[in-house]
Visitor: 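Okay, handing you the structure first.
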Amino acid sequence: MARHLITSAIPYINGVKHLGNLVGSQLPADLYARYLRGRGHEVLFLCATDEHGTPAELAAAKAGEPVADYCARMHGVQADLAQGFRLSFDHFGRSSSDQNRHLTQHLAVKLHEAGLIEERTERQVYSVADGRFLPDRYIEGTCPNCGYEKARGDQCENCTKQLDPTDLINPRSAISGSTELEVRETKHLYLLQSTLRDRLAAWIDEQADWPVLTTSIAKKWLFDGDGLQDRGITRDLDWGIPVQFEGAPWSGMEGKVFYVWFDAPIEYIACAAEWAAAQGKPDADWERWWRTGRGAADVRYTQFMGKDNVPFHTLSFPATLIGSGEDWKLVDYIKSFNYLNYDGGQFSTSQGRGVFMDDALELLPADYWRWWLLSRAPENQDSEFTWESFQGGVNKDLADVLGNFVSRVTKFCRSRFGEAVPEGGAWGDRERQLIADLSAGLARYEAAMESIAIRRAAQELRALWVLGNEYLQEAAPWAAYKEDPDRAAAIIRLALNLIAVYAELSAPFIPDAADTLRAAMKSKTGWPADMHAALRALPPGHAFTVPEMLFRKITDEERDAWQARFAGGRG
RNA sequence: GGGCCUGUAGCUCAAUUGGUUAGAGCAGAGCGCUCAUAACGCUUUGGUUGGGGGUUCGAGUCCCUCCGGGCCUACCA
């Protein structure tokens, strides 16, 4: 038994996330957490909402709410959806928590003490009408390169040229449209990441087993051009963690907050503290997950995220932890994902294109989505959601292969022997062969899960389901029953037990269906470490019930209607 | 512009890191079964591995080049 700390990239607060966001971090993290728990490991699985930054302020303003209220409300919305998808977080925290404020300020002080913080004065665009400094991308204007009129201050989306806000012709605020812009001086704290470059590079080099996607992005940032750049870790915003606080080793930072990418990863730690507080546990209980000197030395820490998050998790956050000089646990494995596209294009929050988490649950239960998304997780390249593929995957894998297996076995038993595991008969060669095949398949499934090869794991799980159908076809209990009811009883006894085994094995992917099966079979057998024993767990006479249809099929009419509904123009 | 990834059967993806005849699932075709959600099982069609060149006893895999797709490029998060 090992100890596993698992974090999912924390979703940003400004709205309901789409299926691409879900499959890129929270869902695979949940799969892994559930698997490890199923294997008896001690797991702490954390996620939170990322609540600071300009977009949160703007979204709140648009909603006509104070930003704190908006965030609290949206946290509730996201927490409900997480629950709806059966994301089994031990705690779903908030980056705006007291714990994160304390910890973020603490780490900033430690970095300062280590000589890794520098104050720099820079010039930023200030919008008088908006009463705020504007991030580059919130300034719009005409591109000096191609004449595109809605170029952003950081880059022109039309000609892809990188820009400086002052390059724009007729610049205006993207928030209010105001052209009353001035360049003002402002002071910010910089994290001197560049001085940690060699240590970070050495640390990345140790990670031989990380996905190429992860290490290649890290190395690009480490070595490209002038190498790793220092990073501004404060911003001129109202909403966030105050930079000026009691005991702060700098001055004149009133009205500024830490940059959200500085405080968001720290929330991984703070979330553990929130978890402990919520459970009424002492600090030592969360510190044993995060402080190597206080028990975390034997923890294996795995992070899940989309590829856009990789630089912050491979470089910025480790720089914060290493630079602090304290004994913080560093990540052991980063599982990063490509993007899920939607039906020939990208998911688009602004255009309402694609399926969002709330939409999805309105259409079908979580398991349907979990299975399709995980079995096609964009591990090696961007992948695509199409309604046809979704319908095909759900109907074939869940309804036909697994659901129908459960149905045919339980209904056959009910009609011939009643709703209890039948007695009589014995296993023969075919049963021994099945057990050998199941054991071999289980080993492959476990290996895939251990290495977080999600598509492969789904494939292997499905293959285990198929073995049940193959066996039933060959053993043909309906034929055996006519001449040798005991033989049929032995077959069905095994098949009923196999359903209980499937419940355990499938639980990480489809937890609700697994619970339905456990309830129907009245089983709580746990992970089938020994297949031979597991298939005898439900003894003759053990009562069960025939479950309701485990998975229904998606009709062509539904598929077409949904495809039309989510093509764009949400709401 | 620079960097990275990628192109394999109609579709979605594999291929133990250079090693027999490139494999699965879906879709298609045929057969079987009748317990079951018209489900299941068996068999089967289908590939000049994007094009071209090279290295090698041997290339889907390595190199060059061309063509196509995608991502990142540090002030959105």
Side-chain angles (χ1 to χ4, degrees), chain A residues 9-14 21 50-56 58 122 124-125 133-139 152-155 160-162 164-165 174 188 193 212-213 215-217 219-221 223-225 228-232 235-236 259-261 264 306-312 315-316 338-339 341 346 375-376 378-384 386 388-389 392-393 395-416 455-456 458-459 462-463 466 468-481 488 491-492 495 546 548-553:
Chain A
I10 64 178
Y12 198 65
I13 194 68
N14 68 339
N21 300 131
D50 178 11
E51 305 193 357
H52 296 138
T54 307
L58 298 180
E122 55 194 35
Q124 288 263 295
V125 175
F133 283 95
L134 296 178
D136 291 356
R137 70 165 45 200
Y138 283 96
I139 301 156
R152 293 189 322 216
D154 57 339
Q155 184 177 34
T160 73
K161 185 178 174 60
Q162 287 194 58
D164 190 89
H188 284 294
Q193 296 185 134
V212 176
L213 182 65
T215 51
S216 66
I217 292 173
K219 287 179 179 174
K220 169 71 176 3
W221 282 50
F223 301 119
D224 189 52
L228 187 61
Q229 301 296 297
D230 297 331
R231 192 161 187 111
R235 292 289 184 275
D236 287 293
Y259 177 41
V260 355
W261 264 118
K307 58 186 167 186
D308 50 335
N309 274 308
V310 167
F312 306 99
L315 302 171
S316 308
N338 289 282
Y339 293 143
N341 290 316
Q346 295 193 338
S375 64
R376 287 160 181 75
E379 287 178 293
N380 299 316
Q381 52 194 300
D382 291 355
S383 64
E384 178 163 319
T386 66
E388 194 178 359
S389 170
N395 289 1
K396 195 73 200 171
D397 300 343
L398 296 182
D400 294 347
V401 177
L402 176 62
N404 184 55
F405 176 79
V406 171
S407 179
R408 64 197 297 209
V409 170
T410 52
K411 287 180 179 171
F412 180 84
C413 185
R414 181 173 62 185
S415 70
R416 303 298 198 279
R455 279 176 180 251
R456 190 149 56 81
Q459 242 174 50
R462 186 188 190 280
V466 168
N469 281 310
E470 289 173 356
Y471 167 71
L472 218 55
Q473 186 65 31
E474 280 190 48
W478 48 89
Y481 183 79
I491 295 166
I492 287 301
V546 174
E548 295 296 309
M549 182 179 285
L550 201 58
F551 294 102
R552 75 173 184 85
K553 294 203 189 192

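Letters A, B, ... are given to chains in the order of the sequence lines, protein chains preceding strands, and every chain is numbered from 1. Remember, it's a predicted structure, so these values are computed and weren't measured experimentally.
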Visitor: From C40(B), C76(B), U34(B), pick the nucleotide closest to the side chain of Pro55(A)?
Guide: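 Between C40(B), C76(B), U34(B), the one nearest the side chain of Pro55(A) would be C76(B).
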Visitor: Indicate syn or anti for U73(B), taking the glycosidic torsion and treating anything within 90° of 0 as syn.
Guide: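 In terms of base orientation relative to the sugar, U73(B) is anti.
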Visitor: Output the single nucleotide from A74(B), G32(B), C42(B) whose closest atom is nearest the side chain of Glu470(A).
Guide: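 Nearest to the side-chain atoms of Glu470(A), counting from C-beta on, is C42(B).
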Visitor: Consider the side chain of Val260(A), meaning its heavy atoms from C-beta on, and name the nucleotide among C76(B), A77(B), C40(B) that approaches it most closely.
Guide: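 When the side chain of Val260(A) is considered, A77(B) is the closest of C76(B), A77(B), C40(B).
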Visitor: Just checking Tyr481(A): base, sugar-phosphate only, or nothing, at a heavy-atom cut-off of under 4.0 Å?
Guide: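 Result for Tyr481(A) = nothing.
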Visitor: Consider the side chain of Lys220(A), meaning its heavy atoms from C-beta on, and name the nucleotide among C40(B), G3(B), C75(B) that approaches it most closely.
Guide: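 So the nucleotide nearest the side chain must be G3(B).
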Visitor: What contact category does Asn309(A) fall into here, base, sugar-phosphate, or nothing, at under 4.0 angstrom with non-hydrogen atoms?
Guide: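 Counting heavy atoms under 4.0 Å across all strands, no contact is made by Asn309(A).
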Visitor: Do you know the tightest heavy-atom contact between Ile217(A) and Lys307(A)?
Guide: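 Result for this residue pair: CD1-O, 3.8 Å.
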Visitor: Just checking Lys396(A): base, sugar-phosphate only, or nothing, at a heavy-atom cut-off of under 4.0 Å?
Guide: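 Sugar-phosphate: the residue Lys396(A), judged by heavy atoms under 4.0 Å, touches backbone atoms but no base.
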Visitor: For the backbone of Gly153(A) and the side chain of Arg137(A), can you confirm whether one donor and one acceptor N or O come within less than 3.5 Å of each other?
Guide: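 No, Arg137(A) side chain to Gly153(A) backbone: no donor-acceptor pair under 3.5 Å.
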Visitor: Considering only atom C1', compute the distance from C5(B) to C40(B) and round it to an integer number of Å.
Guide: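 The same atom, C1', in both gives a distance of 40 Å.
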Visitor: Going by centres under 5.5 angstrom and planes under 30 degrees, do the aromatic ring of Trp478(A) and the base ring of C35(B) stack?
Guide: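 Stack criterion met.
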Visitor: Using atom C1' in both nucleotides, what's the gap between U8(B) and G3(B) to the nearest angstrom?
Guide: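 Pairwise C1' distance, U8(B) against G3(B), rounds to 26 Å.
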Visitor: Rounding to an integer number of angstrom, what distance separates U44(B) and A24(B) when you compare their C1' atoms?
Guide: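 U44(B) and A24(B) have their C1' atoms separated by 15 Å.
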Visitor: With respect to the side chain of Val466(A), which nucleotide from G41(B), C26(B), C40(B) is positioned closest?
Guide: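 The closest nucleotide is G41(B).
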Visitor: Both Ile217(A) and Pro135(A) contact RNA chain B. Taking the nearest nucleotide for each, which residue is further toward the 5' end?
Guide: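 Final value for this comparison: Ile217(A).
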Visitor: Is the backbone N or O of Pro11(A) less than 3.5 Å from a side-chain atom of Asp50(A), with the two atoms forming a donor-acceptor pair by type?
Guide: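 A pair under 3.5 Å: no.
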Visitor: Looking only at atom C1', what distance separates A14(B) and G25(B), rounded to whole Å?
Guide: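 Those two atoms are separated by 10 Å.
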Visitor: From C-beta outward on Arg408(A), which listed nucleotide comes closest to its side chain: C75(B), U37(B), C35(B)?
Guide: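 Given the options C75(B), U37(B), C35(B), the side chain of Arg408(A) is closest to C35(B).
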Visitor: Between Gln124(A) and Arg235(A), is any pair of side-chain heavy atoms under 4.5 Å apart?
Guide: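 With C-beta onward as the side chain, the pair stays apart.
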Visitor: Taking N and O atoms by type only, does the side chain of Trp221(A) place a donor or acceptor under 3.5 Å from a partner on the base of A74(B)?
Guide: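 In this structure, the two groups form no donor-acceptor pair.
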Visitor: Given C76(B), A77(B), A36(B), identify the nucleotide with an atom nearest to the side chain of Tyr138(A).
Guide: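 Selected nucleotide: C76(B).
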Visitor: Given the C1' atoms of C64(B) and U55(B), what is the spacing between them in whole Å?
Guide: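 Approximately 11 Å lies between the C1' atom of C64(B) and that of U55(B).
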Visitor: Identify whether any heavy atom of Gly392(A) sits under 4.0 Å from a base atom; if not, whether one sits that close to sugar-phosphate; answer base, sugar-phosphate or nothing.
Guide: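 The answer is nothing, as Gly392(A) stays clear of every strand by at least 4.0 Å.
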Visitor: Restricting to non-hydrogen atoms, name the atom on Leu58(A) and the atom on Tyr138(A) that form the minimum distance, rounded to 0.1 Å.
Guide: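 That closest heavy-atom pairing would be CD1-CE2, 3.2 Å.
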Visitor: Which label fits Tyr481(A) and Phe412(A): parallel for a plane angle under 30°, tilted from 30 to 60°, or perpendicular past 60°?
Guide: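 Correct class here is perpendicular.
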Visitor: Starting at the 5' end of RNA chain B, what dot-bracket string do you get if Watson-Crick and G-U pairs under 3.5 Å are bracketed, crossing pairs use [ ], other-strand pairs use | and unpaired bases use dots?
Guide: (((((((..((((.....[...)))).(((((.......))))).....(((((..]....))))))))))))....
Visitor: Name the nucleic acid region contacted by Phe312(A), choosing base, sugar-phosphate or nothing; use a 4.0 angstrom heavy-atom cut-off, strictly under.
Guide: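 The residue Phe312(A) makes base contact.
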Visitor: Just compare G25(B), C35(B), C75(B) and give me whichever is closest to any side-chain atom of Arg462(A).
Guide: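 Taking heavy atoms from C-beta onward, the closest nucleotide is G25(B).
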Visitor: Just by distance, do the side chain of Tyr12(A) and the backbone of Ala56(A) share a donor-acceptor pair under 3.5 Å?
Guide: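 Confirmed, Tyr12(A) side chain pairs with Ala56(A) backbone.
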Visitor: Could you check how far CD of Glu548(A) sits from C1' of A36(B), rounded to whole Å?
Guide: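 The distance from CD of Glu548(A) to C1' of A36(B) comes to 15 Å, rounded to the nearest Å.
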Visitor: Is Tyr259(A) close enough to C76(B) that one of its side-chain N or O atoms is under 4.0 Å from OP1 or OP2 there?
Guide: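 No, because none of the side-chain N or O atoms of Tyr259(A) sits under 4.0 Å from OP1 or OP2 of C76(B).
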Visitor: Say you pick atom P in C62(B) and the same atom in C72(B); how far apart are they, in whole Å?
Guide: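 These two P atoms come out 25 Å apart once rounded.
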Visitor: Closest to the Gln124(A) side chain: C75(B), A74(B), U37(B)?
Guide: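 In terms of side-chain proximity for Gln124(A), the closest of C75(B), A74(B), U37(B) is C75(B).
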Visitor: With rounding to the closest Å, how many angstrom separate the P atoms on G60(B) and U48(B)?
Guide: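 It works out to 13 Å between them.
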Visitor: For nucleotides C75(B) and G69(B), find the distance between their C1' atoms and express it as a whole number of Å.
Guide: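 Comparing C1' positions in C75(B) and G69(B) gives a spacing of 30 Å.
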Visitor: Is the phosphate of C76(B), meaning OP1 or OP2, less than 4.0 Å from a side-chain N or O of Arg137(A)?
Guide: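 Looking at the OP1 and OP2 atoms of C76(B), one of them is under 4.0 Å from a side-chain N or O of Arg137(A).
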Visitor: Given U37(B), is OP1 or OP2 found less than 4.0 Å from the side-chain N or O atoms of Lys411(A)?
Guide: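 Lys411(A) to U37(B) OP1/OP2: side-chain N or O found under 4.0 Å.
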Visitor: Suppose we call a contact any N or O donor and acceptor under 3.5 Å apart; does that hold for the side chain of Glu122(A) and the base of C75(B)?
Guide: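 Indeed, a donor on one side and an acceptor on the other fall under 3.5 Å apart.
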Visitor: Just how far, in rounded Å, is P of G3(B) from NZ of Lys307(A)?
Guide: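 The answer, rounded to whole Å, is 18 Å.
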Visitor: Should Ile10(A) and Glu51(A) be marked as a side chain to side chain contact (heavy atoms under 4.5 Å, CB included) after you check the CA-CA gap, both sets of side-chain angles, and the distance that decides it?
Guide: CA-CA 9 Å; Ile10(A) 64 178; Glu51(A) 305 193 357; over 6 Å; no
Visitor: Between Gln473(A) and Arg408(A), what is the shortest heavy-atom contact and its length?
Guide: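 Of all heavy-atom pairs spanning Gln473(A) and Arg408(A), the closest is OE1-NH2, 3.9 Å.
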Visitor: For the side chain of Asn404(A), starting at C-beta, report the closest nucleotide among A39(B), C35(B), G70(B).
Guide: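 Nearest to the side chain of Asn404(A) among the choices is A39(B).
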Visitor: Just checking Ile492(A): base, sugar-phosphate only, or nothing, at a heavy-atom cut-off of under 4.0 Å?
Guide: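 Nothing, no heavy atom under 4.0 Å.
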Visitor: So, do Ser383(A) and Asn338(A) sit near enough that their side-chain heavy atoms are less than 4.5 Å apart?
Guide: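 A side-chain contact is absent here, since even the closest heavy-atom pair is not under 4.5 Å.
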Visitor: So, applying side-chain contact (heavy atoms from CB on, under 4.5 Å) with Phe405(A), which one of Asp400(A), Thr410(A), Asn469(A) is it?
Guide: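 Only one of Asp400(A), Thr410(A), Asn469(A) forms a side-chain contact (heavy atoms from CB on, under 4.5 Å) with Phe405(A), namely Asn469(A).
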Visitor: With the sugar-phosphate defined as primed atoms, P, OP1 and OP2, and the base as all remaining atoms, what B/S/- string results for nucleotides 10-16 of chain B, 5' to 3', for protein heavy atoms under 4.0 Å?
Guide: ---SS--
Visitor: More than 12 heavy atoms of other residues, nucleotides or ligands under 6.0 Å from CD of Glu122(A): is that the case?
Guide: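 More than 12 within 6.0 Å, yes.
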Visitor: Please report the shortest heavy-atom distance between Ala399(A) and Arg552(A), naming the atom on each side.
Guide: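 Closest pair (atom of Ala399(A), atom of Arg552(A), distance): CB-O, 4.4 Å.
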Visitor: Which part of the nucleic acid, if any, lies within reach of Thr54(A) when heavy atoms closer than 4.0 Å are counted: base, sugar-phosphate only, or nothing?
Guide: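 Answer is sugar-phosphate: Thr54(A) comes under 4.0 Å of backbone atoms only.
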